Amino acid sequence: MNRGCDLAVEREIDAVGAAEHQFDQNSSDPGPWAARAPRTVTTLMVGKLICEGAGEQLCRVRNISATGMLLESPFLLREGDNIVVELRGGPVLEGKIMWVSDGRAGVQFTAPIDVEDVLASAKGSSPAARLRRAVPRAPRFVIDGNARLVCNGVSHTVVVENISQSGARIHLSNQPDLDRVMTLVVPGLTPRSCTVRWAGSDSAGVAFIEMIPYAELAAWLNDMQPPR
């Protein structure tokens, strides 16, 4: 993301903070967030949202504090929903939705968190991640749906077991001659060029050459769920 995009995101987040009085300490109506932690960190982290009746959805965390976060998702969330958000790299946040407005929700955590530890894990800068030299993995979504893998000019039917913005795990009924660059065609998503990261006897992991845009994958996952 370039600096211009960063500034645009910062301005949008600032506008959200000004509009949502629950996150304004000086508001005359403090609302349910009156006791929230004084330090709120502005961020833009992609996560996996798990909510009853929602399956697994893509979401973004706009800001976070020790006691709660501002969440964004195209899925219809409701006040009172209990949710779990899994961030890149593994941090898991549990909480309850206190308010909803135009695709955003204020979440109060079940228990206070260490913001610095959560951010470090999500960015891959925690001591454990540095020791493993691990790059935080994007949230994966279980779908178990049919797709086509085009390699060496031949189309093969495969089952996509899970998918993320950066890649997918696929099950192959018969092992094709995997090419260096292939195309994965998932119904409802733009066909994506990919390369093989690993391969087994009946499955393989592929990495997309270009990530699936957040808006595209979020809308696709949302469409897979029945209306609430």
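Owing to the predicted nature of the structure, the values given are computational and were not obtained by experimental measurement.
Within the 4.5 Å cutoff, side-chain heavy atoms of His171 are placed close to those of Asp202. Side-chain contact between Lys48 and Leu58: absent, with no pair of heavy atoms (C-beta onward) separated by less than 4.5 Å. Counting heavy atoms from C-beta on, the side chains of Phe141 and Met224 never come closer than 4.5 Å. In this structure, the side chains of Phe208 and Ile163 come closer than 4.5 Å at one or more pairs of heavy atoms. Inter-residue side-chain proximity for Val92 and Val85 is flagged as unmet; no heavy-atom pair is nearer than 4.5 Å. For the pair Ile64 and Leu93, the minimum side-chain heavy-atom distance is below 4.5 Å. Side-chain contact check for Met69 versus Phe109: some heavy-atom pair is nearer than 4.5 Å. Counting heavy atoms from C-beta on, the side chains of Thr110 and Asn82 never come closer than 4.5 Å.
Val115 and Met45 fall within the same hydrophobic cluster, where Ile, Leu, Val, Met, Phe, Trp and Tyr residues are linked whenever their side-chain heavy atoms come under 4.5 Å apart, directly or through other members. Phe75 and Ile50 fall into different hydrophobic clusters, where Ile, Leu, Val, Met, Phe, Trp and Tyr side chains are chained together by heavy-atom contacts under 4.5 Å. Met182 and Met211 end up in different hydrophobic clusters when Ile, Leu, Val, Met, Phe, Trp and Tyr side chains are linked at under 4.5 Å. Hydrophobic clustering places Leu184 together with Leu172 (ILVMFWY residues linked when any side-chain heavy atoms are closer than 4.5 Å, directly or through intermediates). When the side chains of ILVMFWY residues are joined at heavy-atom separations under 4.5 Å, either directly or via intervening members, Ile97 and Val61 end up in a single hydrophobic cluster.
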After noting the C-alpha distance and the side-chain angles of Val159 and Ile170, does the key distance pass the side chain to side chain contact (heavy atoms under 4.5 Å, CB included) rule?
CA-CA 6 Å; Val159 175; Ile170 58 176; over 6 Å; no
What do the steps show when you test Arg78 against Val100 for side chain to side chain contact (heavy atoms under 4.5 Å, CB included), and what is the final call?
CA-CA 7 Å; Arg78 298 182 297 205; Val100 294; 5.8 Å; no
Side chain to side chain contact (heavy atoms under 4.5 Å, CB included) between Leu44 and Arg60, worked out
CA-CA 6 Å; Leu44 187 61; Arg60 287 193 286 213; 3.8 Å; yes
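Side chain of Asp114 to backbone of Glu116: a donor-acceptor contact under 3.5 angstrom is found. Checked by atom type and distance alone, the side chain of Ser101 never pairs as donor or acceptor with a backbone atom of Arg104 at under 3.5 Å. With hydrogens and angles ignored, the 3.5 Å screen pairs no side-chain donor or acceptor of Asp223 with any backbone N or O of Trp220. Side-chain atoms of Glu56 never come within 3.5 Å of backbone atoms of Leu49 as a donor-acceptor pair (strictly under, hydrogens ignored). A donor-acceptor pair is defined here as one N or O able to donate and one able to accept, closer than 3.5 Å; no such pair exists between the side chain of Arg62 and the backbone of Glu72.
Atom-to-atom distance recorded for Ile113:CD1 and Ser65:OG is 7.0 Å, nearest 0.5 angstrom. Atom CD in Gln57 sits 5.5 Å away from atom OG in Ser73 (nearest 0.5 Å). Separation of atoms CG (Asn63) and CG (Leu70) is listed at 4.5 Å; rounding is to 0.5 Å. Rounded to the nearest 0.5 angstrom, Thr183 OG1 and Arg192 CZ are separated by 10.5 Å. To the nearest 0.5 Å, the span separating CG on Leu221 from CD1 on Ile143 amounts to 8.0 Å. Rounding to the nearest 0.5 Å places CD of Glu210 at 10.5 Å from OG1 of Thr190.
What you find for Leu149 and Cys194 is that their closest heavy atoms are CD1-SG, 4.4 Å. Listed here is the closest heavy atom pair of Asn146 and Pro187: O-CD, 3.4 Å. Across every non-hydrogen atom of Glu86 and Pro139, the tightest pair is O-CG, 3.9 Å. When every heavy atom of Cys151 is checked against every heavy atom of His156, the shortest pair comes out as SG-CD2, 3.6 Å. Shown here for Ser193 and Val181, the closest heavy-atom pair between the two residues is CB-CG1, 4.4 Å. When all heavy atoms of Tyr214 and Gln165 are compared, the pair lying nearest together is N-NE2, 3.3 Å.
For the 3.5 Å distance criterion, the side chains of Arg140 and Ser164 fail to qualify, holding no donor opposite an acceptor. Side-chain contact, Glu161 with Ser203: no donor N or O sits under 3.5 Å from an acceptor N or O.
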